[in-house]
2 protein chains.
Amino acid sequence: MSQGDVVGPVDESVGYVLKQATIALRSAMDAVLRPLELTVPQYACLEVLDQRPGLSGSELARATFVTRQSMNLVLQGLQQRGLLTRTAVAGHGKALPTELTDAGRVQLRAASLAVHSIEKQMLAPLTPSAQQRLLTDLAACAAALTGERHIQLQQHTADD
Amino acid sequence: MSQGDVVGPVDESVGYVLKQATIALRSAMDAVLRPLELTVPQYACLEVLDQRPGLSGSELARATFVTRQSMNLVLQGLQQRGLLTRTAVAGHGKALPTELTDAGRVQLRAASLAVHSIEKQMLAPLTPSAQQRLLTDLAACAAALTGERHIQLQQHTADD
DNA sequence: ACCAGTGTGTCAGAATATTGACATGAGTCA
DNA sequence: TGACTCATGTCAATATTCTGACACACTGGT
């Protein structure tokens with residue numbers, strides 16, 4: 001913004017590369033998830049739920065970056081297939097703790113294997129340390145944007 | 001898949017971190033784009049079109065990772081606002097080269113500045129070399145997935 | 001005990017993107 | 001020249017997601 005920043009080709013933009021990677025991963029994921037009759041949001045829901053049982057729909061929604069309403073539809077589909085339970089019907093108004101059933105865990109196990117295989121393939125061109133660095137840097141980038149309310153105190157870590 | 005791979009917390013998964021970063025960027029982008037009355041897809045279209053004038057709708061769609069149909073709607077909106085032109089109406093059937101108008105370029109200039117500011121903020125926690133590395137690695141990851149038809153010959157580059 | 005404030009689940013409507021399909025024009029090859 | 005294939009633009013229908021809104025339950029303070 002200060003000096004005359006030439007825009008440069010789009011493929012040097014974070015947004016472009018990020019979208020490219022996201023699309024590629026998303027596409028590969030629902031290719032391997034389709035045989036299991038699972039969508040990506042459904043898989044994400046199962047995965048989070050396995051690691052943090054008893055989460056409510058709203059909490060699940062926040063954890064998977066969707067709205068409560070969208071998560072609700074996901075949960076309905078999963079519940080109808082007997083993959084999870086929601087403490088019966090409480091009529092109206094309060095948090096419904098959600099948990100995986102045995103069938104849900106079985107399904108998740110298969111899905112998790114498939115997805116991890118994809119992620120492994122995606123990271124294959126990178127060395128293990130480069131993989132770890134990618135995750136760390138990506139998380140830092142996201143934090144730099146979401147925590148924009150505060151001034152990020154930039155400490156120059158001479159990492160390379 | 002071979003050895004007993006513990007699934008581990010989701011936040012160590014590429015997919016999770018990738019989605020996190022994508023959501024953060026997307027959200028920040030349409031926050032700064034909204035005052036300009038531009039959506040993210042619209043901005044992407046303008047940006048690509050500025051760098052590669054004369055592109056057809058289908059080519060534009062591929063460049064921005066959406067379908068022809070979606071791009072068509074984007075183009076219609078942009079055209080109605082006088083931000084781009086499409087060589088009149090050719091009735092039916094053939095590629096319509098698209099170009100930015102002067103107004104389009106002006107609008108893009110403002111949008112580009114805003115978006116670049118966001119991207120800069122996003123990459124702020126990283127050193128310049130780490131930023132470059134992130135882009136490169138991300139592109140490599142995407143390529144590893146989209147070019148999955150071939151066996152990727154893994155050449156161990158001892159980079160770190 | 002009362003009452004605002006917050007969080008949650010759910011319903012309804014709108015917006016957006018996708019899939020499927022078709023007609024048209026261009027290029028290729030016999 | 002004619003037939004075939006391919007790519008493009010567009011229409012229609014479907015699907016997915018989001019925004020807005022409401023009722024209900026728990027928590028805090030008074």
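In this text the structure is predicted, and so the values were computed from the model without any measurement. Every chain is numbered from 1, with letters handed out A, B, ... down the list of sequences.
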Please work out which residues in residues 14-22 of chain B have a non-hydrogen atom less than 4.0 Å from an atom of DNA chain D and list them by number.
-> none
Whole-Å distance separating the CE atom of M71(A) from the P atom of dT10(C) = 13 Å
Within a strict 4.5 Å, meaning less than it, do heavy atoms of the T146(B) and I23(A) side chains meet?
-> no
Identify all side-chain donor-acceptor contacts of residues 53-64 of chain A below 3.5 Å with residues at least two apart in sequence or on another chain.
residue: S56(A); atom: OG; partner: E59(A); partner atom: N; Å: 3.4
residue: S56(A); atom: OG; partner: E59(A); partner atom: OE1; Å: 3.2
residue: E59(A); atom: OE1; partner: S56(A); partner atom: N; Å: 2.9
residue: T64(A); atom: OG1; partner: L60(A); partner atom: O; Å: 2.9
residue: T64(A); atom: OG1; partner: A61(A); partner atom: O; Å: 3.4

Hey, does L73(A) reach any base, or is it just sugar-phosphate, or nothing, if we go heavy atoms under 4.0 Å?
-> base
Got a sec, which pairs hit side-chain hydrogen bond (donor to acceptor under 3.5 Å, both in side chains) with one end in residues 15-24 of chain B, sequence neighbours left out?
-> T22(A)-T22(B)
For I118(A), side-chain contact (heavy atoms from CB on, under 4.5 Å) partners two or more places apart = L25(A), A28(A), V32(A), Q121(A), L145(B)
Give every residue pair that meets the ring-ring contact (aromatic ring centres under 6.0 Å, His included) criterion with at least one member in residues 118-137 of chain A, sequence neighbours excluded.
-> none
List for me each residue that meets side-chain contact (heavy atoms from CB on, under 4.5 Å) alongside T136(A), sequence neighbours excluded, and say none if there are none.
-> Q132(A)
Take atom CD of Q42(B) and atom C1' of dT16(C), then tell me their distance rounded to the nearest Å.
-> 12 Å
Pairing residues for A110(B) by the side-chain contact (heavy atoms from CB on, under 4.5 Å) criterion, not counting sequence neighbours | L36(B)
Counterpart residues, side chain to side chain donor-acceptor pair (under 3.5 Å), relative to R105(A) (two or more places apart) = D102(A)
Closer than 4.0 Å, any side-chain N/O of R26(B) to the OP1 or OP2 of dC18(D)?
-> no
May I ask you to list the residues of residues 53-69 of chain B, by number, that have any heavy atom positioned under 4.0 Å from an atom of DNA chain D?
-> S56(B), G57(B), S58(B), R62(B), R68(B), Q69(B)
Just to confirm, is there a sub-4.0 Å distance from OP1 or OP2 of dG9(C) to any side-chain nitrogen or oxygen of N72(A)?
-> no
Atom-to-atom span, CD of Q76(A) to C1' of dC11(C) - whole angstrom | 11 Å
Could you give the CG-to-C1' distance, from D30(B) to dC18(D), as a whole number of Å?
-> 12 Å
